[in-house]
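Below, chains carry the letters A, B, ... as their sequence lines are ordered, and counting in each starts from 1.
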Amino acid sequence: MGLREYVIRRTIYVFLLIVAVICFNFFIFRLPTFLFGVSPLDLMIAPEQRATMPYESLQLLYQNYGLVPDPDIFDWIYMFWRYIVNMFSGDFGFSFQSQRPVIDEIMARLPNTLLLMGTSSIVAIILGIWTGVKAAGDPGSRKDVGAVTMALFTFSLPVFWLGMILLFFFAYMLPALTSTLIDGGIGLPSGGTISYEVWIAFKDQPFGALAIAGDILLHLLLPMIALGIGGYGGYFLYMRNNLIDVMTEDYILTARAKGLDENQVLYKHGMKNAMLPMVTAIAITFGFLINGATLTETVFNWFGLGRYIFDSLLLLDYPVVQAIFMIVAITAVLANFIADLLYGFLDPRIKYG
Amino acid sequence: MSDVKEGRLRGTGWYISITGFWREFRKHRIGVIGVLALVLFVVMAVGAPIFATHDPSPSIKVGPRFMAPQWTEIFDPTGVVTKNYLLDPNLDSDSIGEIVVEGSSGEFTGARNFAASPAENSNVTFEWTHIANTSIEFRSPPDPNGDLPDTLDFIYYAQTFTWEYERLPKDVNITVSYNIVTTGDFLTNEYGGKMFELMLWVIDSSGNWTRIFDSVPPYTGSHVDRPVDLGFLDIVEGWDGMIDEGDGQEDPTDRLTVAVGIAPTYLFTSSASGPEPWTYYNGSVTATITHMECVAFGDYFGILGTTDKGADAWSQLLFGSRISLYIGLVAASLSTAVGVAVGMISGYFGGKVDEVTMRVVDFLLVIPRLPLLMVLAAFLGPSVDTIIIVIVILGWTGTSRLIRSQVLAEKNKSYVEAARAIGATDTYIIFKHILPNVTPLLFADVTLGVVAAILSESALSFLGLTDPSEPSWGRMLADAQIGGAFGNGAWWVVIFPGLMITAISLAFTFIGHTLDQVLNPRLRER
C-alpha cells in the first residue's frame, strides 16, 4: 500500500471519527433530558416566573435557544438537524448561564488555557528530552535508576495536590513568614489569572503592557510548575526508552567503531533517531492542549477552558459543554492524523498498513 | 497430613514458577518497597475500624475546625490543653464549688448530697418553694436579654478554675446534666413551666456575668444531658479579660467561674393574662444537677488534627484507604477483563470485528477523558459503583490494543497452526495456547491500571462528584481547598491525604514497573 492510499484511508477514518464525535456529542449532554425529562429552560427561569410568563414570550425563549417544549421524536430529529447545521456553520448558540454567545465565552478563556498548557508542556518536553538523553547515555547507572524512580514518582503524583502544596507554601506560608521583614511579605499570588489592581493601574499607561505581562507571568508560575512536573515523567521515560532501543542498533556500533567520541554517538546518531517517535508524541500533546487542565485550573482559580467546562457541566449548560467538547475532540482527531502523517514523512522506513 | 500436602505442592509447576518469580522479583529494590507499602495500605484498610479514633464521616464534628495534630504541641509549650477544666465534674468534693442564694425572699434552698456508695451519684439540689403572695424582688427596669436573671432572688451553684494560659481557647463546650421536678401550680398550670428557667453562666473575676444557656419547658422530670457549645463572643466575654498580651490583663485574677442556677422569670410578675402569677401560685420547683463539665479546646487534637468541618482527620485518612484500594482494584480488574476479551476477539478473529472494535478504541482515545468522566459521573449519580463503571468504560482501550497486537503476533506461530491442524477449536486455542502467552504482559498492565483508577477516583472526588458522606482522600483535599485550609495554615489537611494518594499509587507503580522487568524478557536485558 502506497503513501497516497494510506493518506486516503486515514482521511476516511478521520471523517468517520468526526461524524461519530458529533453524534455522540449531541446525545451525551442531552442524557438528563432523555432520562429524567429535565428541561434546560428550568435553569434560566424560576418555576414561579414561568407560570406568570405569557405564552408567546415562553415560545420565543424556546425558539431563541433552539429548543422545543415537550419534544417528541420528530422534534428531536429536527433539533439534531439544527445542531448539525449550526456546528458546521460555526454557530455554537448561547450559553444558558450567561446568555452570551458561547463562542465569545470560549474565546475569552482560550488564550489563558493555551498559555498555561503551552508553557507547561514545553517545560516538560524540554526537561524530559534533556534528562532522558542523559539517563539513556548510561543505562543501569545510579543516575539512571534515580531518574527513572523520580519519573515513576511524578506518574503517581496527583497534579492537583502538587499544585495545592505549591500554592500553600509560596502563596500563603511564604508571605506569612516574610511579613516581618517587608510589609505584606514576599510571595506569589494565591490564584487567578491577573491582579485586578495591576490591570486598573497600568491599562492606560504607555508601557503598562509590560507590567501586565509581568503580573500574568507571576500568576502563571505556580500552575505551570505543577503541570510541568506532572507531564515530565511521561516524556522522560519515552525519550529514555526510545534512545536505549536506538543505542542497540548496528549503526551505533558502526559509529563507535569509527572512533567517534561517545557524546557524538549519543547526540548525533542516537538522539536524532530517537526523536522520531518523540515528534509524534509532541504533536499529539499539542492536540490536547486546548483540553485544559480542569483540576489545576480549579486549584489555582485559573480563568481557562478546563474549569469552564466543569462549571458549565454542573449547571447543565450544554451549549457550552458540547461546543468545548466538540472543539477538543476534533482538535485531538486532527492532531492524531497529523502525527500519523508526520511520522510517515519523517521516517522513510515506515510501512503503510 | 500437612507434610504430605506441602510435599505435593513443592512438586507442582505453580510452586516452582512462583518461587522462581519471587527470587527474581526481590532483586529489584523498588519492587520490594512497593510490596511492603501495599501491605501497609491493606493493613490500614482492613484495620481502619480498630485504628480509627473517631467516626470517619466527614460531616461529624468532634471539635473546633482546623485543630492541629496533637504531636505538634511539642513545638508550642504554652498552648492550651484540651480537657475538662472543672475540677469536680461529678460534684463529689465538699471543698470545691459552693451554693449561693441571692436575695431575701427565703424561698430558695440548696443542698449538696454526696454519694454513699459508688453506685449512686452525688448531686446538687436547688429547691424553690413558692407560697402565694410571697413577694419576690424583680429587677427594674426589666432586661429580658440581659445576662442576669429577671429577679434579684435566685440560687446558683458555682465552680471556679484557673485559666493559666495567655490565649483564648479555640472552642468551649459546657455540659450540664440535670432534671427538674415541679409540683403544685408549676406542674398543673399551663404556663407553669415558663415561670422559671435553669441558667448557665460564665463569671469572670471582675464579676461580669455571661449567660450562655437557659432552659425551656416542658420539664418531664427525666434526666437531661445538655451540651452547650459556646459562641465566639461568649468565649471572648468570658476569657478575654484574663489574656495578657504584654499590656496587663483586664481582670484581677486568672480565675473563671462556671455557674448553674434556677431563677424565676419576668412572666411571674406579668399581668398580661389575668392576675400576676406570683400572687396565686403555690408549688415548688426542684432541680437536681448530677454532672457538670467545661471542656475547653486548645489548638491541638488527635493524631492528625481536625478538618474544616471539625471532623477527625486521622479517621478519615484511614477509611479513605478503603475506597482507594477498592476502586483501584475492582476498576482495574474489570477494565483489564474487558480489554483482554475485546483484544483477544478482535486480534484472533480479525476482519470486520477487528475493524469495528479498533474504530471504537480510536473514538474513545480522542474523546477528552476527564470531561467525559465528569459527564458520566455527574449524570449517573455520585456512588462508588458509578465511578467504577465510568473508569471501566474509559479504561479498557489501552489493554485491548496491547493484547490485540500480542495475539496477532502469537496466532501465526507454528504451535497454533499445529493445534488447529489436529482439530482444536477456537475456544480451546484461545484459552489453552494464546491466553497463557499473553498473561505475563497483563500483570504489569493491571497494576498500572490500578494507579490510573486511583488517580481518577481522587480527581473525581476532588471535583465533588462522589458520595459526600464517604471519606476519601480526594474529598479531604477538596474540603481543604474549599474550607479555607490555606488561609488557616492547616497544612495537615493539605499534606497527608495527598501524600497517601501518592504513596499508594507509587506502590502500585513500583510493583508494575518491577513486574514488567521480571516478566517481560525484552526489557530485562536492558
Side-chain angles (χ1 to χ4, degrees), chain A residues 13 16-17 20-21 24-25 28-29 31-32 35-36 139-140 145 148-149 152-153 155-162 164-165 167-169 171-173 176 190-191 241 244-245 248 287-288 290-295 298-299 306 309-310 313-314 316 321 324-325 328-333 335-336, chain B residues 29-30 33-34 358-360 362-363 365-380 448 451-452 454-455 458-459 462-465 473-474 477-478 480-481 485-491 494-495 497-499 501-510 512-513 522-523 525-526:
Chain A
Y13 282 161
L16 285 178
L17 257 184
V21 165
F24 179 73
N25 202 12
I28 187 80
F29 296 114
L31 267 185
L35 295 179
F36 315 118
V145 172
V148 169
T149 313
L152 293 180
F153 179 72
F155 259 147
S156 356
L157 199 64
V159 176
F160 63 92
W161 177 61
L162 180 65
M164 286 174 80
I165 297 278
L167 197 63
F168 188 62
F169 283 104
Y172 287 91
M173 290 285 100
S190 64
N241 292 348
I244 287 179
D245 255 352
T248 60
F288 275 104
I290 196 173
N291 205 334
T294 304
L295 293 162
T298 306
V299 170
I309 194 172
F310 176 63
L313 190 66
L314 290 187
L316 291 183
V321 191
I324 301 182
F325 213 78
V328 168
I330 289 180
T331 326
V333 172
N336 267 315
Chain B
R29 204 193 305 151
I30 59 168
I33 293 174
M358 285 304 111
R359 293 292 83 78
V360 173
D362 280 351
F363 173 74
L365 285 177
V366 296
I367 290 288
R369 199 182 142 81
L370 194 65
L372 189 59
L373 269 177
M374 295 185 312
V375 174
L376 292 176
F379 288 173
L380 297 176
L448 296 181
V451 177
I454 288 174
L455 290 178
S458 66
F462 179 72
L463 291 173
L465 296 173
W473 295 330
L477 288 175
Q481 164 99 7
F486 293 141
N488 286 288
W491 51 270
V494 179
I495 289 184
L499 211 57
I501 302 174
T502 313
I504 199 167
S505 328
L506 200 59
F508 278 106
T509 312
F510 279 174
H513 186 72
R522 191 178 62 90
L523 282 169
E525 278 161 17
R526 285 179 184 162

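- Only the side chain of Leu313(A) comes within less than 4.5 Å of a heavy atom in chain B; its backbone stays farther off.
- The OG1 atom of Thr502(B) sits 4.0 Å away from atom CH2 of Trp161(A), with the distance rounded to the nearest 0.5 Å.
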Pair Leu295(A), Phe462(B) - check side-chain contact (heavy atoms from CB on, under 4.5 Å), show working. CA-CA 8 Å; Leu295(A) 293 162; Phe462(B) 179 72; 3.5 Å; yes
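- Here the CG-OG1 distance, from Leu506(B) to Thr149(A), works out to 9.0 Å after rounding to the nearest 0.5 Å.
- The residue among Leu477(B), Val494(B), Ile501(B) with the most heavy atom pairs within less than 4.5 Å of chain A is Leu477(B).
- Heavy atoms closer than 4.5 Å to chain A are found in the backbone of Ala485(B), but not in its side chain.
- Side-chain atoms of Gln481(B) do not come within 3.5 Å of backbone N or O of Met164(A) as any donor-acceptor pair.
- Of the listed residues (Ile367(B), Ile504(B), Leu365(B)), the one with the most heavy-atom contacts under 4.5 Å to chain A is Ile367(B).
- Within the 4.5 angstrom heavy-atom criterion, only side-chain atoms of Ile30(B), from C-beta onward, approach chain A.
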Could you walk me through whether Val148(A) and His513(B) pass side-chain contact (heavy atoms from CB on, under 4.5 Å), step by step? CA-CA 10 Å; Val148(A) 169; His513(B) 186 72; 3.9 Å; yes
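- Taking CD1 of Ile165(A) as the start and CH2 of Trp491(B) as the end, the distance is 11.0 Å to the nearest 0.5 Å.
- Ile330(A) does not touch chain B: none of its heavy atoms, backbone or side chain, sits under 4.5 Å away.
- Note on Gly487(B), Gly512(B), Ser505(B): by heavy-atom pairs under 4.5 Å with chain A, the leading option is Ser505(B).
- A distance of 7.0 Å separates OG in Ser156(A) from CZ in Phe510(B), rounded to the nearest 0.5 Å.
- With a threshold of 4.5 angstrom between heavy atoms, Leu455(B) approaches chain A through side-chain atoms but not through N, CA, C or O.
- Using cut-offs of 30° and 60° on the angle between ring planes, the pair Tyr172(A) and Phe486(B) is parallel.
- Crowding of Arg29(B) atom CZ: a count of heavy atoms from other residues, nucleotides or ligands under 6.0 Å not exceeding 12.
- For Phe160(A), the part lying near chain B is the side chain, with the backbone staying farther off; criterion is any non-hydrogen pair under 4.5 Å.
- A distance of 8.5 Å separates CG in Leu448(B) from CZ in Phe155(A), rounded to the nearest 0.5 Å.
- In this structure, chain A has heavy atoms under 4.5 Å from both the backbone and the side chain of Leu499(B).
- For Val299(A), the parts lying near chain B are the backbone and the side chain together; criterion is any non-hydrogen pair under 4.5 Å.
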